[in-house]
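By convention in this document, chain letters (A, B, ...) are assigned in the order of the sequence lines, proteins followed by strands, and residues within each chain are numbered from 1.
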Amino acid sequence: MGQVLSLIKDYFGFLFVLICLGLILFYIYSDRNRPKINLRDIQAFKHFRREVDLTVEAGKRLHVSLGRGNINDLQGGAAFIGLSILDCCARAASNSDRPPVTTSGDGVLTILSQDTLQSAYHTLATEQRYDPTNARLTGLTPMAYAAGTMPTIHDEHVSANIFAGHLGSEIALMTEASERSRSLSVAGTDSIPAQAVLYATSDEPLLGEELYAAGAYLGAGPAHLASLRMQDILRWVLILIMVIGAILKLLGILP
Amino acid sequence: MKKILPIANAIIAVISGLFVLLGYFFPKVFGGIQSVLIGWAIILAAFALLLGIFNLAMVHWKKIGAEGPSNINSIVLLISLIITMIVVSFSGPTGSWSLWIFNTFQLPVEISLIAVLAVILVYAGARLLSRRPKWYTGLFLVTVLIVLIGSVPLFFIGEIAPLNALRGWLAQVPAVAGARGLLLGVALGTVATGLRILMGVDRPYGG
Amino acid sequence: MTDVICPLCGKPNPPDREECLYCQAPLKASGFVAPSEPGDEENQLLPPSGETGEAEEQTSQPAEASSLEQAIPDWLKATEANFLGQSESEQEKPGTDLVSEQIDSLLNQPSTPDSTNEPAIDDDWLASLLEETGIGESSATTSQEESSEGQEDTFEADKTEPFSEELAQEEPPASADQAEKPEWLTNLEATSPIKLDRVLPASEPDGQSTGVVDTGEETGSGEMEIPEWIAKSGSEVSPPSDKEAESQIAPAELPSWLEALRPDEGVSPTGPLEDLSAADIVTAGPLVGLRGVISAHPSAIRAHKPPTYSIKLRVTEEQRARVEMMEALLADEQKPKPLPAQPVISSRNIFRLVIVVVLILPIAWMIITGSQRTPAPQPGNIPGVVDFTQQVQTLPIGAPVLLAFDYEAGFSGEMNLAISTVINQLIIKNAYMAIVTTTPAGPALAESIMRRADTGLEGKPETYYTDLGYIPGGTIGLLGLANSPKTVLPYSLDGNNVWAVAPLNAISSIKDFSAVIVMTNDPDIARSWIEQVSPQLQVDGTPLLIVTSSQAEPLIRPYYEATPSQVQGLVAGFVGGLAFSRTVGNIQQNGTWDAFSIGITVSVLIILIGSIIAVVLKMLALGKLKEN
Amino acid sequence: MLERIGQLADPIGAIIGFVLTVMVLSYIIGDNVLFRLAIPIFIGAASGYAAVLILYNVLWYQVLVPVFQVITTGKMDNMLIYATHVVPAVILGIWMMTKMSPRLARWGTPVLAFLTGVGAATVIAGAVRGTIFPQVGASVNLLNIRTAPSELNELVGWFINGLVVLVGTATTLIYFHFGIKRQEEGVPVTRSVVLGYLSTAGQGFIVVTLGVLFAGVYIAALSALIDRVSFLWDTIIRFF
């Protein structure tokens, strides 16, 4: 019985992934000319865009904190989003006097952030601006990472900090450093206790899945918008499954 | 070559990802190749860690040349890093000297940083309503206060039974509901992010 | 201007001169008074003689001033007075004073030529310059100096405004100059290309000649470039401007005396061709009786090499200095201004300091006194503790138990009480502990606790525990551990193949352990254990027990409360640890529990007071808004 | 000599720990030199320890020990597994080292592409199998009549709680709905009234959840603060 259930679970899982993929491809195709929806306002992204412009104007620096998520683990999703945001930042701030600086708490993530920066500069034909030490590993444990990031926030003329990745409650130390150095902090993480901390300590907390919408809000491409529409469809599908399933269980129809 | 390399990278990412994904859902068919690829990824993560440590050292090595107090900190960091690595390598991760370094330098600082967190959080809590004067901020603070009072018998006052029960209910019912919704949302976002990479749309590896 | 035009060479001369400065021709005889010198007409804002700094013209200042005073209309006098007053009293807002009003009124004129608003901007520029420099008396003295010499040109320029306005709009003359002006000259001006120049918006000569004014204009417009002419103020005026002036008017229409006055051709004096009806009849010499001819005055007969007429752009040292100052100011604007250093004593810092004192002092006091005032938590009131205790108590003697040290060192302060109690209980039960970790600090934490726990116990540590070390790969590693522990962790940290000897040689999969105890502060790690490992454990009913931090408890408790339960026992945070230690008879005698209690009480008060203050301030602010 | 040092190590360690604790706690008042000095020591020690541990467990035991085994004993357990699981990974790892040089960095990208692909697949599977299915399953099982209590009072409570969790989960998901139907140009984009009410309810649930978690994090941090104060006092008593 257990094996059958796990088999069904596996097939359902694969089916679920295929549905997600199909929806994304469909929306990429259907919205290729003009997106058919607007996105609800998320203040954090508005401020983020403005802050990037101001940072470039003021000749200051953007700091993107990618967290310590191991990409071979569940937290990898947040880390990948952090890299997408880093790409947007690198492009937006490419003409700034001070290129963005990236901090991460994982070896693979550090190298990926270096690659992201390098390829962003490469596509903008400003590869000479690429400096590998602008994508840093600041510590290998959560607290070491937070403590290693704090001096970067304090000392490197940072005017805006974007925390996007897997970060725990130690994120409060970084947002505090950001507040003390009077720079804006836009923060999102997949850890729910960290979101609770952010809610109280950050200027612009990104709650729940808002972090994963960053690409669509920052204009990273139609695929991001399409995947957001996929999420919107599937959230209703999940709600329906939960409600109908609960009713059937309540009526004793389902075992 | 400059055009071929990015495409080749994307193909590598997509194919390796597909095999691993299929391995999760059809373990009997793709389980073998999946475990091999994941085994490689785990060992590669260790090599990446070496690169990360090299990067950490390089960043601070560069800072040593710079003016100001930051170069002293960088010197201290490099010395601390090298000594720890040497000692732990020779004494072993659970050797006496490794433990001495751990208990002397790492443990106190790490606990102290979380102690600092306590002050930061209570300060943020006290300022929150003036920072974001909204109804949901009020609800947030009321919840925080109920949970705090319900967790511990208050000094001089003792245990407040109704709040204790309310705390239990909040943690059991609405908090679980909210957490579940948040987790599901995050999971949907994660699936979308992973799929964009497997489609070759997002290429964090560059190219 | 009331300079006297020489009838012979047509050059301007100060009114007090008897004979022409340039050709020595008698001036008084002809009584030829020009309304304004052509150079002035060509560009009204060209710094007149007063600003050139030439010695002989410096001396003529008082006379000029007196004649000026007659010429200045009332509003301009007020303007001048205002401006001086302003520069002395360093008013912060020039836009609000009379000067600006006048300027606005001028700027608002539909057909206001550049030359008319430039002086206004000049005023702004000066005022802003004074503000920027922030000089107190020095600025006052500067303005006085300006009024006496270099700055004169500004006022001159101001004074020309109504004049040019009137010319442009053909209004009846209002100034003394106008009154003195003969009819012919009015006609001449009507056809004069130079007046046309003046009416042309931003004509080249204006741009070139009105150096200081231009600078002012640039300040007003916020442009950063200093005009070229400042840089090469010593060099000649560039010819194109004159060419342009020429190109606008047919040369034939240009009176030759006026032609003669043009800067680049001023060196060739030609006889005046003006209408001589107003000229006097010669009363002496051989040409007696003739009108408008050169009288045979000895001084006039003397041949002179015509003097070269300086066409250098004349900028005083002071003006140059002022422009340099402006340049410096503008350069500063380009630099990003560093944020002002945060004051050490700010309301935030004071508030933070108060919080620190109010929070830490009572805690310290409780610990110092070892207070035991607050009643200890009852295990029955804390969900999970009783089940956890029972699960540990019911473990068979010498059973292999898997311990996962998956918490960060920073949380050991909160979790150590519970963990050390668990370890002690397992040692008492003589359980064999296989230690694993998915966090890098795990092995050191585990080893430290084991060493603390085994003090006083006989026998070698390896007889009751082994450290298998770190599981790489996070969730994947856990999945691998659940399926085949010996493949993921083949050796212990000592390098021994512990899977080959008892009791671990009987372990093939994770469910073969008698219990799995996970110690973590991270809800994600706990979820990974529950989701990856728990299904396997449930097959044989192996309990999964979790010791966690209070930060992860709300997310783990649902798994404990679920039916069927995925977590069979839960000890959360310091409170849970204390309750657990009390159930097994380990009663703490220091004041940490009281410190915890008073810490929470004080924190609640701080948050309450902070929120109340915020609400009160908000309401006050709203009240004020309503009043306004 | 070593014994003497060993005896001294404990008190010296306690004093250093005391000093470091004070240095770090000084950050409460403000960023200062003491804190700045303590942090690099900690980062170096923590990162150094973590690095060696991971290399020890992965590179040493999985890569090098089998090689030494061959050298010493002439044979290797699971030669095939080593050849398929380890050797290619080591080759890829050495290839990845090109990332050390900015000039050669681009040549190491294929290895990163491989890691990213594997990581992406892992997070997808983890999210679907580890979160979506279990959480949806738990929500569906909330009102399973077979697990309902028998007593009426408990039954009512069970039903209401289950309903609240179900509604809370649904409204929380609705709160995050991003898309809004495109309006005419100039018309402000707003959610429909029903969606607005539901998302407001969801916001309430989210806020309560975050409040509970915030309190939990704070209690954990306060415990650490108490532990440090206790440690400082114990050290003072020990030496003074």
Side-chain angles (χ1 to χ4, degrees), chain B residues 9 12-13 16-17 20-21 24 37 39-41 43-44 46-47 49 53 73 76-77 80-81 84-85 88-89 93 100 104-106 108-109 111-112 114-119 121 136 139-140 143-144 147-148 171 173-175 177-181 183-185 187 190-191 194 197-198 205-206, chain D residues 9 13 16-17 20-21 24-25 27-28 40-46 48-49 51-54 58-59 85 89 93 96 99 109-110 112-114 116-118 120-121 123-125 127 131-132 135 161 164-165 168-169 172-173 176 205-209 211-212 214-215 218 221-222 224-225 228:
Chain B
N9 294 336
I12 290 168
S16 56
V20 174
L21 188 64
Y24 274 107
L37 293 179
W40 293 0
I43 294 174
L44 278 174
F47 279 96
L49 183 84
I53 292 290
N73 296 342
V76 172
L77 189 145
S80 166
L81 179 74
T84 309
M85 289 183 83
V88 177
S89 304
W100 185 80
T104 305
F105 295 104
Q106 187 171 346
V109 174
I111 302 175
S112 305
I114 295 183
V116 169
L117 205 62
V119 177
L121 292 182
Y136 42 82
L139 182 59
F140 176 86
T143 314
V144 170
V147 174
L148 286 179
V173 182
R180 196 164 279 165
L183 284 171
L184 283 170
T190 307
V191 171
I197 290 167
L198 289 193
Y205 41 82
Chain D
I16 295 172
L20 284 174
T21 302
V24 174
L25 289 178
Y27 186 76
I28 291 171
I41 299 171
F42 162 66
I43 296 168
Y49 184 89
V52 173
L53 178 76
I54 293 164
V58 179
L59 292 189
H85 283 66
M96 192 164 68
K99 290 282 171 189
T109 306
L112 266 292
F114 164 75
T116 310
V118 173
V123 298
I124 292 170
T131 306
I132 294 175
Q135 296 296 332
N161 286 346
V164 171
V165 173
T169 309
T172 306
L173 275 170
F176 288 112
F205 278 99
I206 291 168
V207 163
V208 169
T209 309
V212 170
F214 181 86
Y218 178 68
L222 186 69
L225 180 65
R228 284 300 88 189

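Contact of B:Ile53 with chain D is made through the side chain alone, with heavy-atom distances under 4.5 Å. Contacts of B:Leu183 with chain D are made by both backbone and side-chain atoms, with heavy-atom separations under 4.5 Å. Contacts between B:Ile197 and chain D at a heavy-atom distance below 4.5 Å involve the side chain alone, from C-beta outward. Heavy-atom distances place both the backbone and the side chain of B:Val109 under 4.5 Å from chain D.
Residues satisfying the side-chain hydrogen bond (donor to acceptor under 3.5 Å, both in side chains) test with D:Thr131, not counting sequence neighbours, are C:Arg527. Listed by chain and number, the residues in a side-chain hydrogen bond (donor to acceptor under 3.5 Å, both in side chains) with D:Tyr218 are C:Ser603 (sequence neighbours excluded).
Tested against D:Arg228 for a side chain to side chain contact (heavy atoms under 4.5 Å, CB included), the candidates B:Ile111, B:Val116, B:Ile114 yield a single pass: B:Ile111.
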Apply side chain to side chain contact (heavy atoms under 4.5 Å, CB included) to residues B:Leu37 and D:Phe114 and explain how you reach the verdict.
CA-CA 9 Å; B:Leu37 293 179; D:Phe114 164 75; 3.6 Å; yes

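Each of D:Leu112, D:Leu173, D:Ile206 has some count of heavy-atom pairs under 4.5 Å with chain B, and the biggest count is that of D:Leu173. Taking chain D as the reference chain and counting heavy-atom pairs below 4.5 Å, the highest number among B:Leu184, B:Thr190, B:Val191, B:Leu198 is found for B:Leu184. Per-residue counts of heavy-atom pairs under 4.5 Å with chain B were compared for D:Ile54, D:Leu59, D:Leu225; the largest is that of D:Leu225. Contact count against chain B (heavy-atom pairs under 4.5 Å) is highest for D:Gly44 among D:Ala51, D:Gly44, D:Ala221. Interface check for chain D: of the options B:Val144, B:Val119, B:Leu117, B:Leu148, the most heavy-atom pairs under 4.5 Å are formed by B:Val144.
In terms of modelled atom types and a separation under 3.5 Å, the side chain of B:Tyr205 and the main chain of D:Pro110 share no donor-acceptor contact.
The line from OG of B:Ser80 to CD1 of D:Ile41 is 7.0 Å long, rounded to the nearest 0.5 Å.
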